[in-house]
Amino acid sequence: MTTMTEASVREFKMPDVGEGLTEAEILKWYVQPGDTVTDGQVVCEVETAKAAVELPIPYDGVVRDLHFPEGTTVDVGTAIISVDVGGGSAAPAPAAEQPAAAQPAAAAPAEEPKAAGSGRQPVLVGYGVATSSTRRRPRKGPEVPVQQASTAIQTELNGHAPTAPEPAPAAAQAAPAGPDRPLAKPPVRKLAKDLGVDLTTVVPTGPDGIITREDVHAAVAAAVPAAPEPSVASAPAAAPASYDTARETRIPVKGVRKATAAAMVGSAFTAPHVTEFVTVDVTRTMKLVEELKADKEFAGLRVNPLLLIAKALLVAIRRNPDVNASWDEAAQEIVVKHYVNLGIAAATPRGLIVPNIKDAHAKTLPQLAESLGELVSTARDGKTSPAAMQGGTVTITNVGVFGVDTGTPILNQGESAILAVGAIKPQPWVHKGKVKPRQVTTLALSFDHRLVDGELGSKVLADVAAILEQPKRLITWA
């Protein structure tokens with residue numbers, strides 16, 4: 001019987017599918033050991049902190065091993081699947097044939113037990129399984145000591161998805177003592193400075209006691225007054241993906257929801273928010289929407305009030321370009337953008353995401369309608385790419401679809417303004433000296449007061465309102 005050589009095995013590693021991401025959760029495998037794969041074939045779906053992404057394999061061969069089961073969070077750069085590209089047998093080599101250097105030490109207490117059928121066997125000579133490369137979904141188990149239960153509760157309250165207990169390195173079990181400086185990378189130190197967090201008070205969870213961005217955000221969240229904690233005695237040791245008790249449901253915060261929460265906390269504690277409101281008669285805009293629906297130039301396109309609101313905001317930005325900017329903390333500069341990547345907040349089963357339309361300022365109205373339709377349908381299907389959510393400059397959030405009149409939206413990090421659109425509904429309104437029922441809505445504009453003062457913010461909001469009241473200004477102000 002012929003055996004497959006290690007030289008014929010290729011390891012496909014978890015790629016960085018979004019700028020700066022460090023990990024992703026394997027949602028679903030589309031192949032199993034023994035399956036034949038071809039270059040470009042999608043083998044799995046993963047969820048990052050930004051979106052769900054399908055991963056194609058970059059070569060032909062036969063699947064030998066899936067290193068991690070579904071539901072496992074894997075670090076970027078870690079091998080997730082082995083493929084035999086030499087045409088050999090797809091069956092994994094017996095344990096006795098594994099190189100001695102690749103076998104985990106029998107006495108190592110930090111090694112995590114293998115899940116049945118996970119196939120997590122080292123396949124590269126001289127490499128063992130990194131104990132810090134994955135975090136499994138915790139499983140509901142028997143009652144544990146009160147101290148462990150309290151730790152699980154604190155982990156959830158701090159905004160981290162609960163994980164199975166793992167022995168931590170000695171350096172990570174306690175904060176640095178004495179004159180030692182806390183271990184953290186420069187971007188993390190800057191984040192802590194911006195949020196007013198003392199790194200000496202932060203409990204590190206990174207390798208070798210390094211403080212991560214999540215640790216800093218957890219420290220901020222812990223400082224915010226929270227609801228009364230549940231009884232320690234009634235709390236389970238660890239939570240699975242989602243579970244119910246008699247009186248509550250617990251859902252781990254991870255993936256898109258975790259990233260959104262961290263971004264909102266960072267934005268709220270970094271940018272000084274100001275919100276202004278205006279109520280406007282949009283009867284003429286609603287009539288124009290109906291006329292455009294019948295126009296052949298918009299055949300097959302979705303035409304709704306959001307389309308004209310987006311165009312109105314783009315015109316207002318062109319008239320007041322300084323509102324389209326960002327704050328460069330390191331350089332102490334205001335960066336005015338000469339392009340508009342218009343973000344549209346979208347609610348999805350995985351949480352709130354904000355994909356943006358690139359160079360929206362350069363699009364005609366039909367082109368803008370087409371881009372909006374594609375953005376919404378892609379978001380609903382859960383196929384929004386990380387690239388589509390990067391580089392936004394301003395955002396629109398439409399809370400009116402839920403029947404809400406208005407709100408005070410929080411800025412997306414790195415953006416200068418966000419416009420909230422309330423419900424459009426008939427209201428009594430003074431029109432041409434008489435009280436008549438008119439279609440009315442309320443707009444709310446939040447902006448970063450470091451970049452946008454009250455005069456500039458008011459001009460932008462007033463321009464949007466004026467266009468929606470008299471949509472012919474889309475032409476006269478163009």
Within this structure, what is the [atom1]-[atom2] distance for the pair [X] and [Y], rounded to the nearest 0.5 Å?
X: Leu461; Y: Leu313; atom1: CG; atom2: CG; result: 10.0 Å
X: Arg473; Y: Arg319; atom1: CZ; atom2: CZ; result: 9.0 Å
X: Asp453; Y: Phe447; atom1: CG; atom2: CZ; result: 7.5 Å
X: Arg438; Y: Arg284; atom1: CZ; atom2: CZ; result: 5.5 Å
X: Asn341; Y: Met389; atom1: CG; atom2: CE; result: 14.0 Å
X: Leu307; Y: Leu301; atom1: CG; atom2: CG; result: 9.0 Å

Short question: side chain of [X], backbone of [Y] - any donor-acceptor pair under 3.5 Å?
X: Asn324; Y: His338; answer: no
X: His431; Y: Lys434; answer: no
X: Asp463; Y: Ala466; answer: no
X: Asn356; Y: Ala388; answer: yes
X: Ser416; Y: Val323; answer: yes
X: Thr38; Y: Gln41; answer: no
X: His449; Y: Val274; answer: no
X: Asp215; Y: Thr205; answer: yes
X: Ser446; Y: His273; answer: no

Please tell me if the side chains of [X] and [Y] come closer than 4.5 Å, counting only heavy atoms from C-beta onward.
X: Leu308; Y: Leu292; value: yes
X: Glu45; Y: Lys383; value: yes
X: Phe68; Y: Thr78; value: yes
X: Val31; Y: Ile81; value: yes
X: Gln332; Y: Trp327; value: yes
X: Asp35; Y: Tyr30; value: no
X: Pro305; Y: Ile424; value: yes
X: Leu419; Y: Val394; value: no

Pair Ile309-Thr441, side-chain contact (heavy atoms from CB on, under 4.5 Å): steps then yes or no
CA-CA 11 Å; Ile309 292 169; Thr441 190; over 6 Å; no

Enclosure of [X] [atom1] (heavy-atom neighbours >12, cutoff 6.0 Å):
X: Arg189; atom1: CZ; answer: yes
X: Arg380; atom1: CZ; answer: no
X: Lys459; atom1: NZ; answer: no

If you look at every heavy atom in [X] and [Y], which pair is closest and at what distance?
X: Leu451; Y: Ala325; result: CD1-O, 3.9 Å
X: Gly422; Y: Val399; result: CA-CG2, 4.2 Å
X: Val202; Y: Ala219; result: CG2-CB, 4.0 Å
X: Asn398; Y: Val421; result: OD1-O, 3.4 Å
X: Ala465; Y: Val280; result: O-CG2, 3.4 Å
X: Trp29; Y: Cys44; result: CE3-CB, 3.5 Å

Do [X] and [Y] get their side chains close enough for a donor-acceptor pair, meaning under 3.5 Å?
X: Asp381; Y: Thr378; value: no
X: Thr395; Y: Glu415; value: yes
X: Thr279; Y: Thr442; value: yes

Just do the side-chain contact (heavy atoms from CB on, under 4.5 Å) check on Leu372 and Arg302 with the steps written out, would you?
CA-CA 8 Å; Leu372 275 171; Arg302 184 176 181 182; over 6 Å; no

Any salt bridge linking Lys287 with Glu291? Criterion: basic side-chain nitrogen under 4.0 Å from a carboxylate oxygen.
no

Note: Glu290-Lys293 ion pair, threshold 4.0 Å (strictly below):
yes

Kindly determine whether Met14 and Glu23 satisfy side-chain contact (heavy atoms from CB on, under 4.5 Å), including the steps that lead there.
CA-CA 8 Å; Met14 178 70 73; Glu23 63 184 21; over 6 Å; no

Just do the side-chain contact (heavy atoms from CB on, under 4.5 Å) check on Asp405 and Phe277 with the steps written out, would you?
CA-CA 11 Å; Asp405 290 335; Phe277 307 88; over 6 Å; no

